[in-house]
Protein chains: 2
Amino acid sequence: MNTKEKIITAALSLYNREGIRTVTTRQIAQEMGISAGNLHYHFKHTEDIIYTIFGQLQRDYDEMVLLFDKKDLVLRELLREFTDGSYRLINKYKFIFVNFVEICAWIPAIGESYRDLVMRREEQFISLFRHYAQLGMFRQDIPIAMLKGFVRQIFIISDFWYSSFAVLGGQCQSDALEDYRQTIEVTFYPYLT
Amino acid sequence: MNTKEKIITAALSLYNREGIRTVTTRQIAQEMGISAGNLHYHFKHTEDIIYTIFGQLQRDYDEMVLLFDKKDLVLRELLREFTDGSYRLINKYKFIFVNFVEICAWIPAIGESYRDLVMRREEQFISLFRHYAQLGMFRQDIPIAMLKGFVRQIFIISDFWYSSFAVLGGQCQSDALEDYRQTIEVTFYPYLT
DNA sequence: ACAAAATTAGAACAATTGTTCTAATTTTGT
DNA sequence: ACAAAATTAGAACAATTGTTCTAATTTTGT
């Protein structure tokens with residue numbers, strides 16, 4: 001692992017632990033035992049660090065989705081894989097989820113990139129629901145407008161579940177996954193057959 | 001309106017417009033044409049300003065809920081009033097919703113106060129659903145565990161809808177309310193009879 | 001082996017920020 | 001009317017922060 005990667009690792013861990021507001025580049029450098037000057041040799045601006053981490057999140061996400069496509073699962077299994085997979089990402093990149101609006105306002109490129117992703121995801125989800133509707137695992141009587149609303153619902157919940165959990169006092173790491181699973185399950189429940 | 005109130009008004013407007021990250025007490029003072037020294041005479045710490053604004057949000061919320069209780073509405077009407085009422089609050093106190101996790105980490109008293117509110121709200125919602133279930137307007141076959149999950153869902157969506165909307169590029173203020181209405185409606189739809 | 005390029009530490013800079021201090025001015029209660 | 005209290009402006013402080021600069025050291029390619 002070269003210095004650049006080490007910086008990313010240390011920054012991610014610190015941001016997740018202390019929050020984006022209070023962590024400074026000096027702190028990140030200190031955490032990993034290098035000088036602040038050295039850190040800024042590798043990443044001229046703090047934004048560059050965050051942008052790089054966001055890129056990593058996106059690559060991790062794409063990798064996950066690709067894995068699903070290969071497997072050709074039953075809807076309930078897919079749901080489980082989606083839940084557990086997205087939970088892993090949320091947990092790994094906590095601080096991005098928690099400070100998402102702020103980050104997007106700060107680094108516009110991230111906002112744009114996210115909007116692209118959401119548009120692609122929306123279509124994927126809808127065609128997936130259609131597919132499972134034909135297999136009789138998903139309700140067929142949902143009009144397209146409502147389907148889109150449902151997808152929106154899923155996005156809000158999966159993107160901001162952690163924010164809610166953190167604020168409600170999610171100290172106990174142990175049942176966080178279980179909490180997330182249940183929240184997603186309840187959301188899907190009325191749409192399954 | 002005395003200086004203290006003016007500070008709160010200016011701070012709210014600035015935080016909503018520019019975000020909590022970039023706004024300084026100097027800026028707030030400048031916005032309203034007083035000195036920074038004077039501002040800190042009224043609010044010793046920046047936290048005090050934010051805490052006061054949060055108190056205002058809570059009072060506004062309680063006032064809204066009280067209004068509902070008086071009216072004794074049909075479920076669909078109540079839903080509409082809830083949607084429009086909570087939208088007004090979200091819009092008025094944008095920055096709190098958008099920076100909620102950060103604020104709670106920064107000012108623990110706000111987090112605690114919110115957790116209290118959520119607990120009270122949860123019970124209110126559930127007994128309300130029971131009430132409307134008896135009137136035949138809400139599904140009766142929902143087990144209590146799922147009902148709690150549904151309430152959780154509503155909280156996540158109403159508390160973080162604006163974050164999602166802002167990130168997705170909610171420049172167009174005009175159809176923001178309509179977007180919020182639809183999102184809430186879709187969430188409730190499967191539970192109405 | 002050695003020159004060029006890459007990396008590193010640490011000092012230094014410049015701007016910012018929350019807050020305090022001081023002295024003046026205004027308001028309030030009697 | 002006047003003393004005490006409240007309010008205000010502006011300078012000043014102290015700490016922080018992202019970033020740059022310089023000189024030394026290490027690595028790399030040939």
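Fair warning: this is a prediction, and the values are worked out from it, not measured in the lab. Sequence lines set the chain letters: A, B, ... in the order given, protein chains first and strands last, and positions in each chain run from 1.
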Range-with-range stems for DNA chain D, at least three Watson-Crick or G-U pairs under 3.5 Å: C:1-30 with D:1-30
Rounded distance in Å - [atom1] ([X]) to [atom2] ([N]):
| X | N | atom1 | atom2 | answer |
| --- | --- | --- | --- | --- |
| M32(B) | dT7(D) | CE | C1' | 13 Å |
| N2(A) | dT8(C) | CG | C1' | 14 Å |
| I34(B) | dG10(D) | CD1 | P | 12 Å |

Side-chain polar contacts of residues 43-53 of chain B - donor-acceptor pairs under 3.5 angstrom, sequence neighbours left out - could you list them?
residue, atom, partner, partner atom, Å
D48(B), OD2, H45(B), N, 3.0
T52(B), OG1, D48(B), O, 2.7

Taking only residues two or more places apart in sequence, or in another chain, which ones meet [X] in a side-chain hydrogen bond (donor to acceptor under 3.5 Å, both in side chains)?
| X | answer |
| --- | --- |
| T3(B) | none |
| R17(B) | S13(B), E31(B) |
| Y191(A) | none |
| K4(B) | none |

Heavy-atom protein contacts under 4.0 Å, nucleotides 15-21 of chain D, coded B base, S sugar-phosphate only, - none: --BBBB-
Sequence-aligned protein contact record of nucleotides 23-28 of chain D, with B where the base is within under 4.0 Å of a protein heavy atom and S where only the sugar-phosphate is: ------
R181(A)/E178(A) salt bridge by N-O under 4.0 Å criterion: yes
Residues D84(A), R80(A): salt bridge by 4.0 Å N-O rule: yes
Could you list the donor-acceptor pairs under 3.5 angstrom formed between side-chain atoms of residues 96-105 of chain B and any protein atom two or more places apart in sequence or on another chain?
residue, atom, partner, partner atom, Å
N99(B), ND2, F95(B), O, 2.9
E102(B), OE2, R21(A), NH1, 2.9

Distance below 4.0 Å between N38(B) side-chain N/O and dT7(D) OP1 or OP2: no
T3(B) vs dT8(D): side-chain N/O to OP1/OP2 distance below 4.0 Å: yes
R121(B)/D62(B) under salt bridge (Lys or Arg N to Asp or Glu O under 4.0 Å): CA gap, chis, key distance, verdict: CA-CA 10 Å; R121(B) 270 209 292 181; D62(B) 288 342; over 6 Å; no
Let me have the donor-acceptor pairs involving side chains of residues 143-158 of chain B, under 3.5 Å, with sequence neighbours excluded, atom names and distances please.
residue, atom, partner, partner atom, Å
R152(B), NH1, D179(A), OD1, 2.9
R152(B), NH1, D179(A), OD2, 3.0
R152(B), NH2, D179(A), OD2, 3.1
S158(B), OG, I154(B), O, 2.9
S158(B), OG, F155(B), O, 3.4

Connected via hydrophobic side-chain network under 4.5 Å: M64(B) and L67(B): no
Pairs of donor and acceptor atoms involving the side chains of residues 122-136 of chain B, under 3.5 Å and at least two apart or interchain, shall be tabulated with distances.
residue, atom, partner, partner atom, Å
S127(B), OG, E123(B), O, 3.3
S127(B), OG, Q124(B), O, 3.1
Y132(B), OH, L73(B), O, 2.5

Y93(A) side chain to Q56(A) side chain, donor-acceptor N/O pair below 3.5 angstrom: yes
DNA chain C-proximal residues of residues 102-110 of chain B, any heavy atom under 4.0 Å: none
